[in-house]
Each structure stands twice: as structure tokens, then as C-alpha cells.
Amino acid sequence: MSASVTNVTHPQASTFEQVREDLIMPLHKNTFANKMWIRFLIVIIILGTIAYVHQLITGLGVTAMRDYTAWGVYIANFVFWVAVSLIGSLISSILKLLHQNWSNPLSRIAELIALGAITMAAASIVIDMGRPDRLQNILIHGRIQSPIVWDFFVVNTYLVISIILLYLPLIPDIAILRDRMTDAPRWQRKMYHLLSLGWHGTKEQWRLLKRAMLIMILLILPVAFSIHTVTSWLFAVNSRAGWHSTIFGPYFVAGAFVAGSAAVIIAMYVFQRRHKLQQYITDRHFNMMNKLLVLTMLLYLYFNINEYLVPGYTWQRLDGAHLEELLLGHEAVLFWLTQILGLILPIILLLFRRMRKPLPSLIIAIFVLMGAWMKRMIIVIPTQLHPEFPIQNVPKHFLEYIPTYTEYIISAATLAGAMLIITLLVRVFPVVPIWEEAHDRGIHKIFKAEKTSNIHENEA
Amino acid sequence: MKMKRNILTVATLVVAFIFSGSSAVAQDFALWPVPDEAAAVENPVAPTKESLQSGKSLFDLQCKACHGESGKGDGLIKSADLTTPEFLAQTDGAIHYKIHQGRGVMPSFSTLPDEQLWDLVNYVRSLSMVRDSADLKDATVSIYFNDADGQRELTAKVEETNAEGQVVPVAGMKVNFAVKTHFEVGFLPIVAATDHYTNDNGTVTVAFDDTLIGDAKGVLHVVASIEDMDYAPAQVTEAVEWGKPNPEDYWTDRRALWKNNEYVPLWLLISFTVSALGIWLIIGYVALLARKIKLEGDRYENDVNT
């Protein structure tokens, strides 16, 4: 441990060094709780891997997917993870372009969540495949007309963009770590050295980095909208009740921002407490983030009303049967619990300032995130049980879909996988951007580059 | 020691049991005992042409799916071969009993009139008889469309050439009517409610179902085929504009997205390729910028060191 490490953050960090040490501090400490947490996640992932190998050997028959419900919880997970991953674009791109500087300390949290989520989205698709060894066929024989091909392309592209968008703003921070984390293990120091790209904060380096970041911020927007719109088209291009809807693209994107914002609020709470960042992730951030969540939820509610009221008004044949099932029938309890606990009640509660404090908003965000996952189940599964031709002469268990233990264990493993990615990354990288935080506080101090120019000259 | 030997004995028995079981399954079905009094029942129906014809209709409807066209047990599910010597060694009464009772996946046909079951027995027995195609007589079938009085009728005429070289009508010939299905790979039987046989003029007339859907112009391809023990199979196909025009055809052609790769719309090919390439070129440019940052870092370090 380096001598400058303290156990408390500076109550009023007013120098660059103070901010830097506050934000690096968590990287020095590998607490017992943290070790146990990582082990816990690894155990779940191992269990999931065993379940997956079992599924691979036995076939998809171990799942509850049958002739009619051919897309089950894995596809719901996929949609959920894609949705959560969109938060990276909302906070790091949209809010930045709108000069919403309050969100700067949250941008890395959002990018970490985006990376963990999009990785698990890609994994969920492979998990859902009966023959993953034939994945390459989508490249060899894929038809450009197929939304699956678009999805394959856009998921991989978004994965790469998420990594780059996480990495670029990290470069100056990695340079700080390279110079400060001298007590770190050899591999870690080597990694910092390699990833810092010889960063010394020269004028030219800042110019190049700013340009690269601006390009990525602009590029991620259309790609993020594409990924979730294409994901929605996987459903919407089918002439099926509950799927064949023209608003599915924006409906999914709006829902994605809800899920992602809730995930960020949960992560904010955890990092604020565990990394003692009360100085950097403040009540104000919770207040603003929850307002953003309300905004996205209101937008999502608006799309929900459109999505159910319009077909509900005509109540046509299959649409009617589908809506009957959702609103009044077999799925009604699930549907209304999701809509009320995961959307309507949170909107009402978050209108009160007291509810936007860290702890209440954590609880609300957990409900919103669980509701977001349930909503994906509600979108994916019931439609398949209302096919165009009546279901006849099939075993009784074909008529409903109740996920098996195998499916639940593998799903839990993807959740653990996303959290492990985030946990491991915040072990080696600061969760709040150091240079950006220093800049926002007006503490002008540039590492080793005092000889050359200052970044802020560039910004004029 | 004794215990060990016991375990060995049990194990041997278990292995033997498993093997005997699996070999029994592989060889044939388990024996199907028939009560003596049932086996002794005499077949009251003579295997006349009519009986065989009726038996075939029934066989095609109820038995063919599992036992296969030839009765060799090669239908959709594994079923008994009806042409083996062991099968044929049974009495008619025994075969009748099995059809009547059913067993396991083989359903019981006790609801059918007894006479039809005997027809079926006669037909099943005839399955294994080798018929030389040279012995079969040739007949021709032709179709006539009659649209008089607003009542659409379909007439099939069956004729053959007799020993004197004259063309004469064939009476009592079973005629099947069908239309070719949409993709022209199969036949959809029409007017199948009862069997239709030619009269003394060699013709059979049936009412035409107006609700059939044809192609974009309503063209249907009507097929008449003959089915008889003594005659070689023959059929004729005639096109007629008697179907309802298929209104979806135009839109099916327009909706080209789901066709194979050759049919990819140009606008889609271009927009997908351009955006995919564009995005990756930009990513490549950003990678280039990252490399420049690295080069600039190296330059700075050199400056400081020198």
C-alpha cells in the first residue's frame, strides 16, 4: 500500500491529488467481502456452466421450450440485456451531447453496465441455440433480408463500440494508475502500462483523444438505437398478435432506457457505499438520475398505453385472445403486477423528493429492474401461445411455458456473469473518471504534462 | 464369497434380461394371442373385386399412415409388416379379430361395420400377392367440364381398347378427383365424401366445389385418376378457370424479403452494406487515432529522456 492511501475520502476534496487519491483508494483494498462476492458469482457461473453443458449434451429438451413456445426465458434475457446495455448510450452520449454535466461521474458506471449487459446479451443468444456449433452458418449462409443477420451484426458492433467507449475516457485515468499504483501486482502494472498508450496528457494527445471520444459518442447513438430497434423487429416483423406493431422499435428503446437507468441507480448505490464515494456520487446525482428515470418511465408508459389501447379498442380475433390472456386471463396477475409495481407506482413515488434519496430509490430501482425483466417475458412468451392456426392434438404441457430449473440456473449465471465483469473491472479501474471529475471541479492539474499545454486550452 | 457369486448371478441375469428384451424389440412385435373361437370364424365375404376395392378405400383411409402403402409396416410409425409368411399364416378370423380389438398403438376398429372389416381382411391378404404389371389392362381417362344451368359439374370418362380394336367404355371403375396444390407438389382430393364409380357409359359425374381457390386468375388443375385391381394406374390433368382468383398472389410476389438471397432487394443490400461498412470504417478510424496517441506518447517520452 502506498503511503498516501487513507481510509476516508476528503470531505471537501479541493486539490487534484485529493480527488485522485479518493478515487484510486478502492483499488488498493481487496476486502474480504469483495473476495467472497467474487467467489459467490463464480460459484453461480460454474453452476450455470454445468447446467449449460447438460443442455448442450441432452439438447434443448431440458428447457420448457416446445413446438409453440420456441422462444423462452433465454430470449427474454437477451432482450433484457440488450435493453440494459443501452444505458451506456443514454448517459455517455445523449446526456453529454446535451451538456448535462451532472452525469459525468456516472458515465463510467453506465459504460461498465453497458459492457457487462451486451456481453451477456450475446451469450444469451448462443445459450438459446440448440446447435451453437453452427453459429458460423449465419456468416456463411445468412440472408441479408433476415433481421437475425442484422441483429448478429449490430450486437457484435455494439459490443465493440461499448468496449471502445469505456476504454477511451479511461486512457488518462490509466496513465494516472500507471504512475500511482506502483504497489500493484506485476501483471496489473504491465496492463496499465500497455493500456495507457504512452499517455502523458500532451496537447496533441488530448486533441486526438477528444476527437476519438466525440466520434464514438456520435457513433454509438445510431448503433444503440439500431440494436434495440432490430431486436424489436425480431418480433415485430412476424405477423403475430402482440408482436406485429409499428411502434415496437421506439417502445423497446424507451423501455431500454427505463431498465438501464434503474440498473445505474442500483450500481450507484452499491459503489457509493462500498467505495465510499459519498463525495462524488451525491444525493444530487440520485435526485437527477431518478428524475431521468421518471422521464423515461413516463415515455415508456406512453408507449405502453399505445401498445395495449389501440389493439384493445378493436379487440380483433387473435389480438383479442392475446389481450384477454394478458389483461384478464392467465397472465393477468403477472401483467398487472409488472405494470403497477414496475412502472406506475415507481413513477408516482419518485415524484416525491424524499423517494429520490439513495435508499428509497435503490428499492424502487430494484422493482423497476425486476419489472423490466418480467415485461420482456410478457412480451416474448404469451404471443407464441396464440398462433394463427388453432393448437390441436398436442401434449398438455405444450400449451403453457414454465421455465425449468436448467433455464433458471443458466439465466442466473448470465446475471452473475454481467456482475462479475463489472466487479472485476472496478477492481482495476476507478469507477468515477478521475480527470473528468477534476475538470468538473475546476482543479486544473495535468499529469506530467505541465511542460506542455493544459487540456483546458483546447476546450475553448 | 457366496455373496459375491450371488451378485454375479444376478448381474448375469440382468444383462441377459436386457439383451433378450432389446433383441425382442429389434426383431418383431411380441406375440399377439388370438382366442381359438375368434380365429375359427370363417370369412363371410368373398374376395371379389368390389370387396377388394372397398377394402383398399378403407386401408388408404385408416391403415396406410402407419402400415405404409405396401403394408410392409413402413409408414409414419413402426408397425407390423402385413406381408410376411408369419402374418399370412393366420386365419382370416385372426386378422379380423386383431383389426376389431386393436392393441397398444394399434387402434380398435370395432365401430366399423363388420362387412367392411372383412373387406379389409381380403385387401390386406391381397397386398402380398405379386401382381405382374404385364397382366394389367390399360384404360384412358378424360375430363369434361359442364357449366350448364349455373351448376358446375365434372365428368370423367374411362375407356379402353378391346380385343377387336374398338374403343369401349369401362363400367364400374373407381375414379378419384383432385386438384393440384398451390406449389404443384401434391394433390388435394375433392368430392371425396363417397367413392365414385363409372356407369355403363364409362362416365361418372360429380358436382364441383365452387369454393376452391386457384391461382391469380382462378385457374385450377383438376386431376382425375383411376384406381382398379385389373387396370394400370392412369390419370389426366386439365386446367380450368373454375377456382376463386387468389387475391394474395400479387402481394406474395411483392413480399420478396423472405425469399432466398438472390432476391434480396437492392435498396436493402445497399443500405445494409453501406451502414455496416460505414460504422466499421469509423471504428477503424478511431483505432487509428488511438495509435496516433500512442505514437505521440512515445515521441513525448523520447523528448523528456533526451
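So you know, we letter chains A, B, ... as the sequences are listed, proteins then strands, and number each from 1. Quantities reported herein were computed from a predicted structural model and do not represent experimental measurements.
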Completion exercise
The interface call for A:Val160 against chain B, heavy-atom contacts under 4.5 Å, is side chain
Practice task
Could you tell me which portion of A:Leu208 (side chain, backbone, both or neither) has an atom closer than 4.5 angstrom to a non-hydrogen atom of chain B?
Solution key: both
Practice task
Please confirm whether the backbone N or O of A:Trp71 pairs with a side-chain atom of A:Gln384, one donor and one acceptor, at under 3.5 Å?
Solution key: yes
Exercise for the section: Tell me yes or no: between the side chains of A:Thr202 and B:Glu296, is some donor less than 3.5 Å from an acceptor? Expected result: yes
Problem - Residue part contacting chain B, namely of A:Val223, when any heavy atom lies under 4.5 Å - result: side chain
Handout entry: Within the 6.0 Å centroid threshold, strictly below: A:Trp435 and A:Trp206
Key = yes
Exercise for the section: Side-chain contact test, heavy atoms from C-beta onward, threshold under 4.5 Å: evaluate it for A:Arg108 versus A:Leu166 and give yes or no. Expected result: yes
Handout entry: Contacting moiety of B:Ala290, where chain A heavy atoms sit under 4.5 Å
Key = both
Problem - Ring-ring centroid check B:Phe272 A:Phe153, cutoff 6.0 Å - result: yes
Fill in the blank from the handout: Honestly, the part of A:Leu209 sitting under 4.5 Å from a heavy atom of chain B is both
